[in-house]
Protein chains: 2
Amino acid sequence: MPPDFVRNEPAYRQVVRSIEAKIMSGQWSVGDRVPSETTMAGDFGVHRSTVREAVRVLEQNGLVRRHDGGKLLYVTAPREADISARITAAIVLHEISFLELWESMRCFEPVLAECAARHIDDETLDLLQANLDKTRASLEDQQALVQLDIAFHQIIARASRNRALQLCRQPISQLFYPSFSKVLTSLSAGERLLFAHEKIVQALRNRDAVGARSWMDKHIVDFRRGYELANLDIDMAADWPADQR
Amino acid sequence: MPPDFVRNEPAYRQVVRSIEAKIMSGQWSVGDRVPSETTMAGDFGVHRSTVREAVRVLEQNGLVRRHDGGKLLYVTAPREADISARITAAIVLHEISFLELWESMRCFEPVLAECAARHIDDETLDLLQANLDKTRASLEDQQALVQLDIAFHQIIARASRNRALQLCRQPISQLFYPSFSKVLTSLSAGERLLFAHEKIVQALRNRDAVGARSWMDKHIVDFRRGYELANLDIDMAADWPADQR
DNA sequence: GCCTCCATTATTGTCCGACAATAAATTCTA
DNA sequence: TAGAATTTATTGTCGGACAATAATGGAGGC
């Protein structure tokens with residue numbers, strides 16, 4: 001017998017659950033075409049509007065998607081961006097403090113660096129080297145430094161080959177960086193940043209997991225000191241980056 | 001002029017963005033009532049069906065919600081469960097390996113224990129003590145042990161007072177535990193588990209952040225050894241727990 | 001046989017309107 | 001003034017319609 005909460009479950013939600021189950025169980029695989037709204041309306045015995053509402057939900061969950069500019073619907077795995085946007089919203093609306101974000105970054109980044117040290121290939125090392133060179137050339141340009149730092153950490157995150165951690169890190173780093181930008185600007189800490197990055201890359205080049213981890217940790221800890229020196233309140237809630245409004 | 005990607009943006013999506021912006025910017029606060037579909041249809045100059053599709057999206061994002069059994073819509077902060085389910089789906093569909101999950105747990109749990117050591121109160125310590133007692137009494141009951149272990153780690157996660165990390169940890173631990181269950185059953189590692197938990201609680205009781213962290217780390221590392229002893233393939237993709245189908 | 005261009009078809013996005021069920025608000029009554 | 005009865009508002013679902021355009025299939029040229 002169905003539990004209470006499904007007895008009065010609206011039709012569109014039943015349709016969602018039904019399709020979701022087909023996808024999660026592999027009955028519909030990633031890449032498969034999803035039947036048209038009209039077809040599904042027939043199959044499920046509901047009106048097309050009802051199917052539509054269900055499709056919106058699934059689309060939002062990233063389980064189905066239309067190819068760029070197309071109207072046909074396909075089964076797909078949720079993209080990082082889908083998840084990320086949602087975690088970001090949750091963090092902002094729960095008024096999660098900067099301290100919590102910093103603790104999270106301090107949790108992620110050293111581990112990612114450690115994992116990266118074990119998997120990194122020469123091509124990625126070249127990317128990091130290029131990033132270092134650009135950083136060295138941009139020590140006076142705070143705006144560029146922030147962008148380069150974001151890229152630097154992103155490259156390392158990817159190199160970790162750990163998609164679960166990348167998924168978690170993405171939204172947190174996104175909310176973390178606006179403050180980072182303030183610190184960098186108020187302290188002109190470009191030199192310190194470059195030094196830390198160089199040490200990290202050196203460790204990665206030597207496939208020195210322990211070194212990469214500990215330099216990354218220092219780097220993140222150092223940032224918090226900067227945050228306090230810049231006289232910013234660490235218990236303040238993260239806010240929604242202007243570039244997403 | 002609006003950029004390319006909004007020129008042909010469907011109306012329902014514009015409505016979503018519009019409402020989303022109101023919420024994220026604080027113009028509509030958490031707890032506020034959202035106008036009725038009919039009202040919004042008038043306000044936005046679209047048909048009610050169009051508003052409905054937008055509402056489905058926002059509802060799914062956890063930005064609006066109906067109170068249990070009610071029909072009125074309110075602004076709300078996304079719940080952990082909303083996000084968690086999404087991340088879980090992403091991990092499964094991307095066929096993320098157990099190794100990645102384990103690395104993630106090894107990332108989260110020691111840090112959470114460390115943070116917990118700094119914030120934990122006596123009430124929570126009592127909860128942990130009760131958990132230990134039950135664990136000691138259930139050493140022969142594998143099923144109960146798994147549940148108690150889940151609860152143990154959950155208590156510590158909460159005690160960390162870091163909601164960002166809790167948010168990330170939740171879905172990963174959910175996918176992690178099915179394997180954990182297999183290991184425990186095949187190795188009868190109840191004693192080892194209890195010993196580690198006792199050490200962790202002891203450290204927490206002493207507010208010993210370093211100790212809590214390092215015992216937790218040992219605990220997680222130990223689990224991986226168990227995983228290998230139990231002859232399970234660490235590169236296998238996580239699968240969708242049956243209890244969610 | 002393979003490719004390009006065009007006509008046809010399928011599909012989506014949006015709208016209009018309607019109705020039953022029921023939650024919410026209001027009025028009435030004790 | 002508290003609770004019951006009644007009215008109103010709101011949602012969930014349905015039926016159908018139409019324009020825009022992506023997808024498909026065929027005709028003709030290479």
Checklist outcome for this item: In 5'-to-3' order, the base (B), backbone-only (S) or no-contact (-) status of each nucleotide in nucleotides 3-9 of chain D, using a 4.0 angstrom heavy-atom cut-off, is -------
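Judged by distance alone, the side chain of B:Thr88 and the main-chain N or O of B:Ser84 form a donor-acceptor pair under 3.5 Å. With hydrogens and angles ignored, the 3.5 Å screen pairs a side-chain donor or acceptor of B:Ser25 with a backbone N or O of B:Ala21. In this structure, A:Ser29 contributes its side chain and A:Asp32 its backbone to no donor-acceptor pair below 3.5 Å.
The distance between atom CD of B:Glu37 and atom C1' of C:dA24, rounded to the nearest whole Å, is 15 Å. Note: OH (B:Tyr74) to P (C:dA23) measures 14 Å, nearest angstrom. Atom CG of A:Leu73 is separated from atom P of C:dT12 by 7 Å (rounded to the nearest Å). Remark: P of C:dT12 and CD of B:Glu9 are 19 Å apart, rounded to the nearest angstrom. Separating the CG atom of B:Leu72 from the P atom of C:dT22 is a distance of 17 Å, rounded to the nearest angstrom. For the pair A:Arg13 CZ and D:dT13 C1', the computed distance is 15 Å after rounding to whole Å. In this structure, B:Arg52 places its CZ atom 16 Å from C1' of C:dG13, rounding to the nearest Å. Summarising the geometry, the separation between OH on B:Tyr12 and C1' on C:dG13 is reported as 9 Å, rounded to the nearest angstrom.
Nearer the 5' end of DNA chain C, as judged by each residue's closest nucleotide, is the contact made by A:Pro35, out of B:Gly69 and A:Pro35.
Interface residues of residues 59-66 of chain A facing DNA chain D, ordered by number: none; criterion, heavy-atom separation under 4.0 Å.
Pairs of residues two or more places apart, or lying in two chains, that qualify as ring pair (Phe, Tyr, Trp, His ring centres under 6.0 Å) and include a residue from residues 99-127 of chain A are A:Phe108-B:Phe108.
Considering only residues two or more places apart in sequence or on other chains, A:Phe176 meets the ring pair (Phe, Tyr, Trp, His ring centres under 6.0 Å) condition with A:Phe98, A:Phe223. Remark: B:Ala90 pairs with A:Pro78, A:Ile83, A:Leu167, B:His94 by the side chain to side chain contact (heavy atoms under 4.5 Å, CB included) rule, at least two apart or across chains. In this structure, A:Arg86 has no salt bridge (charged side-chain N to carboxylate O under 4.0 Å, His left out) partners at least two apart in sequence or on a different chain.
Which of D:dC14, D:dT11, C:dT14 sits closest to the side chain of B:Arg48 comes down to D:dT11. Which of D:dG15, C:dA25, C:dG17 sits closest to the side chain of A:His47 comes down to D:dG15. Side-chain proximity of B:Glu53 to D:dG12, C:dT14, D:dC14: nearest is C:dT14.
Counting heavy-atom neighbours within 6.0 Å of B:Glu95 CD, excluding the residue itself, gives a total of 12 or less. Heavy-atom neighbours of B:Arg79 CZ from other residues, nucleotides or ligands within 6.0 Å: at or below the threshold of 12.
Residue A:Thr50 has a polar side-chain atom (N or O) positioned under 4.0 Å from OP1 or OP2 of D:dC14. For the OP1/OP2 pair of D:dG12 and a distance below 4.0 Å, the side-chain nitrogens and oxygens of B:Arg56 include at least one atom meeting the criterion.
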